[in-house]
Amino acid sequence: MTAFARTALLVVGTLGVHAHAAPLTSPDRHIAVDVAVSPSGALTYSVTRDGKPVILPSSLGIAVQGADLTTGLKLASSSPVKPVEDRYELATAKKRHITYRANEQTHTVRNAQGQAMDVTFRVSNDGVAFRYRVAGKGLKFVRETTSFAFDKSTKAWLQPMSVAQTGYANTNPSYEEHYQREIPVGTPSTLGAGWVFPALFRTGDTWVALTEANMDGSFHASRLHTDSPGGVYRLDVPAAPEVFTDGALLAESQGDLLSPWRIVALGSLGTLVESTLGTDLAAPAIAFDKAKIQPGHAAWSWALLKDDGTYFDIQKQFVDYAADMGWDYTLVDTDWDRKIGDARMRELVKHGQAKQVGILVWYNSSGAWNKTEYSPKSALLTRESRQREFARLREMGVKGIKVDFFAGDGKSMIAYYVDMLTDAAQAGLLVNFHGATLPRGWSRTFSNLMTVEAVRGFEFTTFEQKDQDAMPPHAAMLPFSRNLFDPMDYTPLAFGDIPNIKRVTRNGFELAEAVLFLSGIQHFAERPEGMAGAPDYVKNLLRELPRSWDEVRFIDGYPGRYAVIARRSGDSWYVAGFNADGAARTVDIDLSFLKGRSGTLVADGDGERAFSQAPIKAGKHGISIKPRGGFVAVFK
């Protein structure tokens, strides 16, 4: 359609029943977005895939102080459709070299006072994204009406948002709840605080993942509202306590108010698993020394030893353990400043350097927003103190930091994350966030961000038996939800005993996590004694496991039940799968893309703690996975 014809359509539309822009389609034309304004002035959008409804007509709109752009709107104009292409590289994701292609169009609407809002849509072959822009200065967010409406037959896989100022030492929310699996849309959130991103849905034969990206510190992070009557999910804002001390809760701008990209990834389940939309829509990388972007594997004592492990002699043992396993780092956790101290930390760093093992150290992010006492505490609250602390770490030879116990999703807390990442990048330090929000594409913008927790990870399974018992289906959710777009510090694996806990998974399940879960630095929970009991071929697999991946292929799976995914690094392919069910499962997998290559299959043997090893060739296979078991097949 020509620009003249589009303009004519808009003019006629404003005089008739509805104002419609011409549908915007994906490059392959399978996905289409329709934007309309009703006679009452309600702005809506809808999404179809191959002509079938995916997102039913859903609300758009935002209100700032002095301008309500949610009702009484008229469609003023629509820009010409333009193709967008972006290429970038990520060392911490499912693919290293990524190309994003989409068609983009901006719609301008005005309210009765003539105030304007732009809504920009992008449609790619794997989904839809949109964001708002309100021109002005010093704008303050009031509310928005953004919604995602699903057919009532749709099923959802959702994680409840935890209630702010609950949990250990008032550290919630930290995106650390179990998922509600395959629930009817419209089911209220079990904790009454909403649902977190990514949110997974299935409508007909289409899978949908909702999330957001491009958080620059000027906007709060959103979640889905607790209530979704009729299957209509609305965006909601953080709770009042989710702020940096005396900081802003909701978005504020110095210039134009620009929202994050709201993302609707959609397609087959394989399309979602292979999609990179969560980073495609993030801001490009800031400056960071490429030589210091060093993904890797780490030994970590706290997972099983807890606070009893943070002593010099034990950490030295873990450095030696990391060196024996060919791993890149050792993470020294809480209270290292009290229990080890600067002088001996310098000694530990030097010992690590001699073993080619880098040292990572833990920090408490918090000021007054929770009751944690772990140290170092409050050392990172201001730019001046951060720069001073980071300079000291750099001089000591420390490679990176793990920062814990953030307050939530308020605008000022998001700005705190961004400022910390920026300052750490300037100091050449790698970063891992714990007790934290979903990173929403930050690993692209800040290439020093290696990983983020934001998951009910391995450590929870060591606290109470009920979390251990619930772990297999929870873990089988993660490749389809939390770990879809962002690196995740789940901290796998354990082959030996967990103190005071009966482990319910087989060793093959634990091993498969090391491939299925993506993290820029994979912190392994197993201690030296547990690893010593593994056969050499398992230890060698973990020694040689790639630090980053070049390609991903979804093989098979179902959220909360099982997953089989193939990952390539260079010329090597790793195919991993696990089964969360209490009964064995046979999975038909097609490895014809490996074109005649031969490999080795490491799986569960006889007995709950045994491994087995067998040859495997490219082609089609029926692989039997034991109850709560798994496998890794390696083709080099």
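- The one candidate from N172, V196, L191 that meets the side-chain contact (heavy atoms from CB on, under 4.5 Å) condition with M161 is V196.
- Under a 4.0 Å N-O distance rule, the pair R346/E395 qualifies as a salt bridge.
- Taking the ring axis of F390 as reference, the NZ or CZ atom of R386 does not stay both within 45° of it and closer than 6.0 Å to the ring centre.
- Between D419 and R383 a salt bridge is recorded (basic side-chain N to carboxylate O distance below 4.0 Å).
- Qualifying side chain to side chain contact (heavy atoms under 4.5 Å, CB included) partners for Y311, counting only residues two or more places apart in sequence or in other chains: K339.
- When ring centroids are compared, Y175 and F197 stay outside the 6.0 Å threshold.
- Taking the ring centroids of F524 and W300, they lie at or beyond the 6.0 Å cut-off.
- No donor-acceptor pair closer than 3.5 Å links the side chain of D489 to the backbone N or O of V452.
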Side chain to side chain donor-acceptor pair (under 3.5 Å) for D335 and S375? Distances and angles first, verdict last. CA-CA 5 Å; D335 283 343; S375 180; 4.7 Å; no

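- A side-chain hydrogen bond (donor to acceptor under 3.5 Å, both in side chains) check over residues 241-250, counting only residues at least two apart or in different chains, returns the pairs R223-E242.
- Not a single donor-acceptor pair under 3.5 Å links the side chain of S366 to the backbone N or O of W369.
- Under the 3.5 Å distance criterion, the side-chain polar atoms of S412 are matched with a main-chain donor or acceptor of F244.
- Remark: aromatic rings of F517 and Y490 are close, center separation under 6.0 Å.
- Between F288 and F446, the distance from one ring center to the other does not fall under 6.0 angstrom.
- Test E459, H474, H178 against D467 for side-chain contact (heavy atoms from CB on, under 4.5 Å) and you get one pass: H178.
- Taking the charged nitrogens against the carboxylate oxygens, D342 and R392 do have a contact shorter than 4.0 Å, which makes a salt bridge.
- Without hydrogens or angle criteria, E212 side chain to R262 main chain gives no donor-acceptor distance under 3.5 Å.
- No salt bridge links E453 with R482; every basic N to acidic carboxylate O contact stays at or beyond 4.0 Å.
- The six-membered or imidazole ring of H220 lies near that of F141, with a centre-to-centre distance under 6.0 Å.
- Residues passing the side chain to side chain contact (heavy atoms under 4.5 Å, CB included) test with T276 are Y88, K94, K95, I98, T279, D280, sequence neighbours excluded.
- For S228 (side chain) and Y233 (main-chain N/O), no donor-acceptor pair under 3.5 Å exists by modelled atom type.
- A ring-centre distance under 6.0 Å is found for W157 and W207.
- Salt bridge D68/R143: present, at least one basic N to carboxylate O contact under 4.0 Å.
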